[in-house]
Protein chains: 2
Amino acid sequence: MNKATDKVKGKKVFLIGGVPMDMDNCPVRDVMDHIAGKWNSLMILTLADGPLRFSELRRLIPDISQRMLTQTLRDLQRDGYLSRTVYPTQPPSVEYGLTDLGRSFLALLRPFVDWSVANHEAIRKARAEYDAAA
Amino acid sequence: MNKATDKVKGKKVFLIGGVPMDMDNCPVRDVMDHIAGKWNSLMILTLADGPLRFSELRRLIPDISQRMLTQTLRDLQRDGYLSRTVYPTQPPSVEYGLTDLGRSFLALLRPFVDWSVANHEAIRKARAEYDAAA
DNA sequence: CTGGATCCAAACTGATACTG
DNA sequence: CAGTATCAGTTTGGATCCAG
């Protein structure tokens with residue numbers, strides 16, 4: 001009935017929505033694991049309107065630590081979601097902005113934002129009911 | 001230029017794509033923080049084709065520990081993404097399936113899956129280049 | 001201003017053993 | 001079968017100090 005694990009050309013695969021995925025190199029898992037962090041998507045959303053500087057980002061996301069800000073920016077830059085531009089001023093200023101890949105991903109995030117707003121109450125209610133039952 | 005932090009009716013807000021978000025109760029952050037885990041979205045995708053039992057899920061996702069499987073199912077159930085049905089057989093069997101909310105979220109996940117497949121190579125390439133530059 | 005380095009606490013994960 | 005309990009290892013995150 002639900003034959004989700006099978007073999008295709010000798011490789012172990014995993015069916016996601018009917019699409020076979022190579023278990024050992026699953027694009028979805030790879031992308032997810034790197035974007036699913038607490039700050040990653042929020043960072044991309046924050047940069048939606050244009051490039052921002054390090055200090056601006058720290059101000060706009062008050063509850064991120066400097067360490068996490070640096071790390072998140074590095075991770076996203078490494079995966080190609082955003083670019084880092086250094087301006088040789090004194091003192092130096094650095095701007096972070098979305099790349100084409102980043103903007104492409106941002107497009108995916110927007111429906112998610114709308115969905116979250118639309119369903120937040122339902123989720124909060126579900127949570128409250130679950131906790132009450134316990 | 002980028003006036004992302006402002007005040008609306010005395011509340012600190014955060015602009016996401018032009019939409020003001022209450023910082024202290026941001027739906028996007030709340031939903032994200034609970035769905036962004038390593039296994040959550042994968043679990044929803046795995047249940048896309050219909051309800052599955054505990055042992056079936058463990059078999060379909062071989063690299064999840066029993067502990068994480070239990071915990072992931074609990075979390076998703078608590079937030080209303082999936083339902084848990086116990087059948088009074090001997091030995092007992094339990095089925096997990098998507099709720100309407102879960103299916104609604106699944107619809108959001110599908111474009112993400114397609115995007116991951118389409119852009120996986122670009123990301124791998126960006127990573128390789130970044131690492132090479134270092 | 002933009003981080004890098006270090007130390008420490010907390011959270012997350014996995015392996016194992018055990019129960020109704 | 002479907003979990004719970006426990007413990008150890010790993011990772012994550014925050015605070016602080018420092019440097020180009």
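Chain naming here is simple, since letters A, B, ... match the order of the sequence lines and numbering starts at 1 in each. Only heavy atoms go into these numbers, but all of them, side chains included; no hydrogens, no water, no symmetry mates.
- For Thr70(B), no side-chain nitrogen or oxygen approaches OP1 or OP2 of dG3(D) to under 4.0 Å.
- The side chain of Arg84(B) sits closest to dG3(D) out of dT2(C), dG3(D), dG14(D).
- When distances are taken from the side chain of Met68(B) to each of dT2(C), dT4(D), dT13(C), the shortest belongs to dT13(C).
- Residue Arg74(A) has a polar side-chain atom (N or O) positioned under 4.0 Å from OP1 or OP2 of dG3(C).
- Counting distance only, with no hydrogens placed and no angle test, the side-chain atoms of Gln66(B) and the base atoms of dG3(D) include a donor-acceptor pair under 3.5 Å.
- Between Leu69(A) atom CG and dC1(C) atom P the separation is 13 Å, expressed in whole Å.
- If you measure from atom CD1 of Ile64(B) to atom C1' of dG3(D), you get 14 Å, rounded to the nearest angstrom.
- Here dC12(C) presents its P atom at 11 Å from CG of Asp33(B), a figure rounded to the nearest Å.
- Atom OG of Ser41(B) and atom CG of Asp33(A) lie 10.5 Å apart (nearest 0.5 Å).
- Between the side chain of Asn40(B) and the backbone N or O of His34(B) there is at least one donor-acceptor pair closer than 3.5 Å.
- Taking atom CG on Asp63(B) and atom P on dT13(C), their separation rounds to 12 Å, with Å as the unit.
- In this structure a side-chain-to-backbone donor-acceptor pair under 3.5 Å is missing from Ser104(A) to Asp100(A).
- The overall bend of the helix from dC1(C)-dG20(D) to dG20(C)-dC1(D), read as the angle between its terminal helix axes built from five base pairs each, is 50° when rounded to 10 degrees.
- For the pair Arg67(B) and dT16(C), the criterion of a side-chain N or O lying under 4.0 Å from OP1 or OP2 is not met.
- Side-chain N/O atoms of Thr89(B) include none lying less than 4.0 angstrom from OP1 or OP2 on dC1(D).
- Between Trp39(A) and Pro92(A), it is Trp39(A) whose nearest contact on DNA chain D lies nearer the 5' terminus.
- Taking both residues in full, the closest heavy atoms of Leu69(A) and Met43(A) are given as CD1-CE, 3.5 Å, listed atom of the first, atom of the second, then distance.
- Following rounding to the nearest Å, His34(A) (NE2) and dT11(D) (P) show an atom-to-atom distance of 13 Å.
- Atom CZ in Arg58(B) sits roughly 13 Å away from atom P in dA15(C) (whole-Å rounding).
- Nucleic acid contact class of Tyr96(B) (heavy atoms, under 4.0 Å, all strands): sugar-phosphate only.
- Salt bridge annotation for Asp79(B)-Arg74(B): absent, with no cationic side-chain nitrogen under 4.0 angstrom from a carboxylate oxygen.
- A donor-acceptor pair shorter than 3.5 Å can be found between the side chains of His120(A) and Asp30(B).
- Between the CD atom of Gln71(B) and the P atom of dT4(D) there is a distance of 11 Å, given to the nearest Å.
- Side chain of Thr99(A) to backbone of Ser83(A): no donor-acceptor contact under 3.5 angstrom is found.
- Glu56(A) places a side-chain N or O within 3.5 Å of a backbone atom of Arg53(A) that can act as its donor or acceptor partner.
- Dashed line: the shortest gap from a side-chain N or O of Arg53(B) to OP1 or OP2 of dA2(D) is under 4.0 Å.
- Distance, Lys38(A) NZ to dA10(C) P: 15 Å, rounded to whole Å.
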